[in-house]
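Chain naming here is simple, since letters A, B, ... match the order of the sequence lines and numbering starts at 1 in each.
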Protein chains: 2
Amino acid sequence: MQAKPFHHGNLRDDLLGRARATLRESGEDGLSLRQLAREAGVSHGAPRRHFPERQHLLDALAAQGFDELTATVVDQVERSDGDAVAAFRAVARSYIDFAVDDAALMDLMFSTKNSGAAPQVAAAADRFFTTIGGIVRAVVPASALPDGDTLRLQLLLVSTLHGIATLVGSGRLDAAQVDQLVDDASVLFGVRTGADP
Amino acid sequence: MQAKPFHHGNLRDDLLGRARATLRESGEDGLSLRQLAREAGVSHGAPRRHFPERQHLLDALAAQGFDELTATVVDQVERSDGDAVAAFRAVARSYIDFAVDDAALMDLMFSTKNSGAAPQVAAAADRFFTTIGGIVRAVVPASALPDGDTLRLQLLLVSTLHGIATLVGSGRLDAAQVDQLVDDASVLFGVRTGADP
DNA sequence: ACCTGAACACCGTTCAAGT
DNA sequence: ACCTGAACACCGTTCAAGT
């Protein structure tokens, strides 16, 4: 045990963890590299090794957010014992809960700034959309649209989920309505157990 | 004509206009009260009369954005000569175009920060959602859900539109897919001309 | 390889003072 | 009523220097 120990050990993860907490408490406006450095007990120049610019920290947070959400959603599927409909509902709830509980992070993940930006964020986002797309595909019928394009139906249902999640997150939908809306979406999109008919 | 004229005339609108332009060019990060004051040719303290804090400027921009979007959407309906289906498609396109063309403003309008916040933003947002809700209601069948709750179907379709718009805006959906997705949504939600069956 | 500490330019916010 | 200009605390970013 040392009083003033280190090269700190793992400054990057320490900063990321503190940033995540600050994001929850104070939003993006509350995030400051200098403040995080102060909390971590290093000089204000130290974070530069790991995050040369503030945007790099935001990118890392967004990528981490996508990975967390992907893991949560995969976990929900595994808990559903092959019941695709139950899996869909659980996934929808997780998605929406995430948007509400980590609203500032959600903003970062889907902000326009990150649209043309960091490859690590794009990769994590791709993983998430591939994952949730697969979950939705397993549950969506091939025949709901005239020419039976399942991919389009899948994109549409993901869009609906995302719309519900972001509207609840920004306070435009009441949280009490959400379960009903997800159920309605299930009915409308013909969500059901089993693969194509 | 005077060289160094004024009390400036209308600093508030001048600042708002410049802020809107900056938002399009450089995003929210590019917005600075001091920079706007410089561009308007006033001292850095002058904006304080109209926007005591930076957030007040952001709120004004968001409220203005909602009002613009509402006006655009109403205009599209009026151009559709009572054809509710055509109106719906035009409205959907306007919504999505807005999200793409004014992505930074869209972020401001639907950001979490504004969820519990400024009453003027909430009022403008309410006007928008009331308007678009009415348009959607006119086009949505009462019988698509088992117990025929039209309001829920309306909220669901608005959520879908919002999801498509934000996903395109953040680059997660290809703009080329959008028209097809809107058409698919029309089919799925049973969008049609005339009122309840 | 990782961190320190001074330096620079910029910012939001406050406030006494001008017209 | 509206604006100026100095002041304060804070920030991101850069960089030479330390261990």
Secondary structure string for DNA chain C (Watson-Crick or G-U under 3.5 angstrom, | for other-strand pairs): ||.|||||...|||||.||

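When rounded to the nearest whole Å, the span between CG of B:Leu57 and P of C:dC11 equals 14 Å. Between the CG atom of B:Asp14 and the P atom of D:dC2 there is a distance of 15 Å, rounded to whole Å. B:Asp29 places its CG atom 13 Å from the P atom of C:dC11, with the value rounded to the nearest Å.
In the hydrophobic cluster analysis, where Ile, Leu, Val, Met, Phe, Trp and Tyr join through side-chain heavy atoms closer than 4.5 angstrom, B:Val158 is grouped apart from B:Val74. Tracing side-chain contacts under 4.5 Å through hydrophobic residues (I, L, V, M, F, W, Y), one reaches A:Leu16 starting from A:Met109; they form part of the same cluster.
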Chi angles and distances behind the salt bridge (Lys or Arg N to Asp or Glu O under 4.0 Å) call for B:Asp179, B:Arg93: CA-CA 8 Å; B:Asp179 281 330; B:Arg93 264 235 76 92; 2.3 Å; yes

Side chain to side chain donor-acceptor pair (under 3.5 Å) assessment of A:Gln35 paired with A:Arg38: CA-CA 5 Å; A:Gln35 176 64 30; A:Arg38 240 174 274 133; 2.4 Å; yes

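Here the two rings, on A:Phe98 and A:Phe66, have centers that are 6.0 Å apart or farther. Proximity of the aromatic rings of A:Phe128 and A:Tyr95 is defined here by a centroid distance below 6.0 angstrom, and this criterion is met.
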Are any protein N/O atoms closer than 3.5 Å to N/O atoms in nucleotides 12-14 of chain D? If there are, list each pair with its distance.
from   : atom 1 : to      : atom 2 : distance (Å)
D:dG12 : OP1    : A:Leu33 : N      : 3.1
D:dG12 : OP2    : A:Leu33 : N      : 3.3
D:dG12 : OP2    : A:Arg34 : N      : 3.2
D:dG12 : N7     : A:Arg34 : NH1    : 2.6
D:dG12 : O6     : A:Arg34 : NH1    : 2.8
D:dT13 : OP2    : A:Arg54 : N      : 2.9
D:dT13 : O4     : A:Arg34 : NH1    : 3.1
D:dT14 : OP2    : A:Arg48 : NH2    : 2.9

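In terms of phosphate contacts, A:Arg49 brings no side-chain nitrogen or oxygen within less than 4.0 Å of OP1 or OP2 of D:dC15. Contact check, B:Arg12 against D:dC3: no side-chain N or O comes under 4.0 Å of OP1 or OP2.
Backbone-only contact: A:His50 has heavy atoms under 4.0 Å from sugar-phosphate atoms and none from a base.
Salt-bridge annotation for A:Arg89 and A:Asp183: present, with a side-chain N of the basic residue lying under 4.0 Å from a carboxylate O of the acidic one.
B:Arg34 meets the salt bridge (Lys or Arg N to Asp or Glu O under 4.0 Å) test with no other residue; sequence neighbours excluded.
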